[in-house]
Amino acid sequence: MTHPEAAALLTRSHRLGADPRNTNYAGGNTSAKGAGRDPVTGSEVDLLWVKGSGGDLGTLTEPGLAVLRLDRLRALAGVYPGIDREDEMVAAFDYCLHGKGGAAPSIDTAMHGLLEASHVDHLHPDSGIALATAAEGPALTKECFGDRVVWVPWRRPGFQLGLDIAALAAANPQAIGCVLGGHGITAWGSTSEECEARSLEIIRTAEAFLVEHGRPEPFGPAMLGYAALPAEERRARAAELFPLLRGLASTDKPQVGHFTDSDVVLDFLASAEHQRLAALGTSCPDHFLRTKVRPMVLDLPPSTSSEESVARLKELHAAYREDYARYYDDHATAVTPPMRGADPAIVLVPGVGMFSFGANKQTARVAGEFYVNAINVMRGAESVSTYAPIDESEKFRIEYWALEEAKLARMPKPKPLATRIAFVTGAASGIGKAVAHRLAAEGACVVIADLDADKASEAAAEIGGPDVAIGLAADVTDEHQIAAALKAAVLAFGGVDLVVNNAGLSISKPLLETSVKDWDLQHDVMARGSFLVSREAARIMIAQGLGGDLVYIASKNGVFAGPNNIAYSATKADQAHQVRLLAAELGTHGIRVNGVNPDGVVRGSGIFAGGWGAQRAAVYGVAEADLGEFYAQRTLLKREVLPEHVANAVFVLTGGELSHTTGLHVPVDAGVAAAFLR
């Protein structure tokens, strides 16, 4: 049963975390103190519940809390070796834990445990950080709050900061909280309700102060020619630039992207001071750990041609990498972890928007959200003072902190298809749906394209939220719809790496009964459709420069001559040769092209359910319900082929183990000797 104090803490955390004005995703931490029972002696002990490392306030659960013995935690002050060795104190927190399970204590645990107040909130509101990063921060804090909130000079999070805040709180009994220079706010109270009320008082008072005292145009006047492009044109330019930018941002390690064209971003980029402020970088540790020390900014107006913009972005990327290497070399010591990568996490393009990058879609999206927070912080600071973030050397100390490196080392190993973006046609049912599920399970972001938009969206929702999968309508016979669908994939995830040409249908008729309409429909969907999808996807893959995979779901019928099947089998043979042709052409770009030849996939198949099953059953003289077993018995292995077996083959071809294989067709037919490849 959850302790009442822990339950109150979770409720408070959820309310605070639900409002982005209070804190950002996974930012800040909250705590509560109360009496519990020692499981050995049964005696009463004082405990601290505090949000553990890496958790998010809005979604915090009881297992996400670290629970510590308060007496042992506070006793650490007596053995504290000093600021030069304060990192050792995080390991010492483990010796203060109470009971089994729970989250790992974060670096901010001391801030919560050393304060006498029963409840403590440490948050990263934009309004509070605006005061914390203003050049006149101490004076503005005094003007805004009087003596109810005290100023704490910048100090890296840790045990010493906890001691500093505890001392200031003791010396200022009238204070309800503090502004942490360059960082955020902390509030405290004797009850959970009082603590929450004081946190909100600090945040809302700071918001009102900035509105009342802030000057207009804190980012300077609008720059001529830098206004946002119209929405449709803006998103078209974003889709055009995104694959290139993703390729550049993936120079050191592959990344997924996120695009933001909110008014906050566009207004900032249209203002005269955006270059100066962007160069100063972010300040709050939670911000720059996700956005890197500063963004990359295109220094051209939106009227610039795509060709000129692309050339300039490549130059800026090279310069960014050189500058980041200089930043690392200037501050690294003999014990600094190796440089993690010199590519930008945030790219700003005036008139278009912001492109953010990360190891997965959620990380990329959150990085963009954090830079929006940073823009709001800069606006607030510039409106009442001058934006003055913490020194570059301090940013480096946190970015390459041994504790941060240890946190990264604890992260689970990426799945085989992590960072890869898959586009699967005909994926709302049958083989395509099974493929989409398998690719997502192996770490890919998946775009489910299907004729039926509702079914595509339902299939995507089965896989997960929009950070994992999206569904959209696409008629593969229409080149404009294909281009639009792949553009939507680019805007959703940054590009495309893995395409599965699966959309298909079948009509089983003898030659004399096969109409021109039958023939054209078969070839339009599968031969023409695969060509159109591959052509548009190849444009994106080539622009990215990251290689890629094209996989054709062909058929045993592409090599096996069966009766009453001229239109279907001929178009499958067309697809099979497209594999060979494109493998030969696209290999120079690192794009691998392979095929899968299934047979007899009856169960779960949209094609078989749409009349093909009845037609083939009639050809073979069996009941339609027995068709799957009929196909199984004519194979060497006597096994029925299911959509999941085809999905397995797609994964094997794309999962990384066959990195030097292209132009291959993999049979998934349980063994049909007449269809052996020669």
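Heavy-atom basis, side chains included; hydrogens, waters and symmetry copies ignored. Position 1 is the first residue of the sequence; numbering continues from there.
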Identify the heavy atoms of [X] and [Y] that sit nearest to each other, and give their distance.
X	Y	value
I540	V496	CG2-N, 3.7 Å
A227	P302	O-CG, 3.5 Å
I591	G547	CG1-C, 4.0 Å
T419	A359	CG2-O, 3.4 Å
G471	S457	O-OG, 3.8 Å
I107	P157	CG1-O, 3.6 Å

Are the side chain of [X] and the backbone N or O of [Y] linked by a donor-acceptor pair below 3.5 Å?
X	Y	value
K433	A459	no
H317	L313	no
T654	V650	yes
K395	T282	yes
S271	H274	no
R397	S393	no
T133	G182	no
T304	E308	no
S385	A381	no
D450	A428	yes

Any side-chain donor paired with an acceptor under 3.5 Å for [X] and [Y]?
X	Y	value
R21	N376	no
N22	H124	no
S13	T30	yes
T333	T336	yes
N360	T363	yes
S306	E240	yes

Could you measure the distance from the [atom1] atom of [X] to the [atom2] atom of [Y]? Nearest 0.5 Å is fine.
X	Y	atom1	atom2	result
R234	L266	CZ	CG	5.0 Å
F268	Y226	CZ	OH	13.0 Å
L229	R237	CG	CZ	6.5 Å
S106	N29	OG	CG	5.0 Å
L439	I463	CG	CD1	8.5 Å
M541	L586	CE	CG	8.5 Å

Could you tell me whether the side chain of [Y] reaches within less than 4.5 Å of the side chain of [X], counting heavy atoms only?
X	Y	result
N501	S534	yes
V424	V447	no
E382	L277	yes
L486	Q481	no
F219	I375	yes
V347	L316	no
F651	P416	yes
Y371	R290	no

Problem set entry | From V533, V446, L498, V500, residue fulfilling side chain to side chain contact (heavy atoms under 4.5 Å, CB included) relative to F423 |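 So, applying the side chain to side chain contact (heavy atoms under 4.5 Å, CB included) to F423 and each of V533, V446, L498, V500, only V533 qualifies.
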
For this session: Flag this pair as yes if the NZ/CZ of R340 is under 6.0 angstrom from the six-membered ring centre of Y400 and inside a 45 degree cone about the axis; otherwise no.
Result: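 The answer is yes; both the distance and angle limits are met.
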
For this session: Take Y327 and E399 through the test side-chain contact (heavy atoms from CB on, under 4.5 Å) and record every step on the way to the result.
Result: CA-CA 11 Å; Y327 159 76; E399 185 176 357; 2.8 Å; yes

Please determine whether a side-chain nitrogen of the Lys or Arg among [X] and [Y] lies less than 4.0 Å from a carboxylate oxygen of the Asp or Glu.
X	Y	result
E273	R379	no
D549	R420	yes
E369	R365	yes
D87	R156	yes
D497	R246	yes
K455	E458	no

Exercise. Do R438 and E442 pass the salt bridge (charged side-chain N to carboxylate O under 4.0 Å, His left out) test, and can you show the C-alpha distance, the side-chain angles, and the key distance before you say yes or no?
Worked result: CA-CA 6 Å; R438 180 63 191 273; E442 299 294 346; 3.0 Å; yes

Exercise. Please walk me through it: do K314 and V310 pass side-chain contact (heavy atoms from CB on, under 4.5 Å)?
Worked result: CA-CA 6 Å; K314 291 179 179 178; V310 165; 3.9 Å; yes

For this session: Return each pair, listed once, that meets salt bridge (Lys or Arg N to Asp or Glu O under 4.0 Å) where at least one residue sits in residues 480-496; pairs must be two or more places apart or across chains.
Result: none

Exercise. Does any pair with a residue in residues 316-329 pass salt bridge (Lys or Arg N to Asp or Glu O under 4.0 Å), and if so which ones, sequence neighbours excluded?
Worked result: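 As it turns out, the salt bridge (Lys or Arg N to Asp or Glu O under 4.0 Å) pairs with a partner in residues 316-329, which skip direct neighbours, are D252-R321, R294-D323, R321-D343, D323-R326, R326-D330, R326-E392.
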
Exercise. Does the side-chain hydrogen bond (donor to acceptor under 3.5 Å, both in side chains) test come out yes or no for D121 and T186, once each step is laid out?
Worked result: CA-CA 6 Å; D121 294 334; T186 298; over 6 Å; no

Exercise. When the aromatic ring centroids of H183 and H122 are compared, is their separation below 6.0 Å?
Worked result: yes

For this session: Please find out if less than 6.0 Å separates the ring center of F370 from that of F288.
Result: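 Ring centroids of F370 and F288 are no less than 6.0 Å from each other.
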
Exercise. Near E232 CD, under 6.0 Å, is it more than 12 heavy atoms from other residues, nucleotides or ligands?
Worked result: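 Check fails, neighbour count at 12 or below.
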
For this session: Using the test salt bridge (Lys or Arg N to Asp or Glu O under 4.0 Å), find all partners of R535 that sit at least two apart in sequence or belong to another chain.
Result: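 E479.
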
For this session: Under the side-chain contact (heavy atoms from CB on, under 4.5 Å) rule, what do Y320 and L248 come out as? Steps first, then yes or no, please.
Result: CA-CA 11 Å; Y320 187 99; L248 295 176; over 6 Å; no

For this session: Quick one: sort the F396 and H331 rings into parallel, tilted or perpendicular, breaks at 30° and 60°.
Result: tilted

Exercise. Could you go step by step and tell me if S283 and W154 meet the side-chain contact (heavy atoms from CB on, under 4.5 Å) rule?
Worked result: CA-CA 11 Å; S283 186; W154 161 259; over 6 Å; no

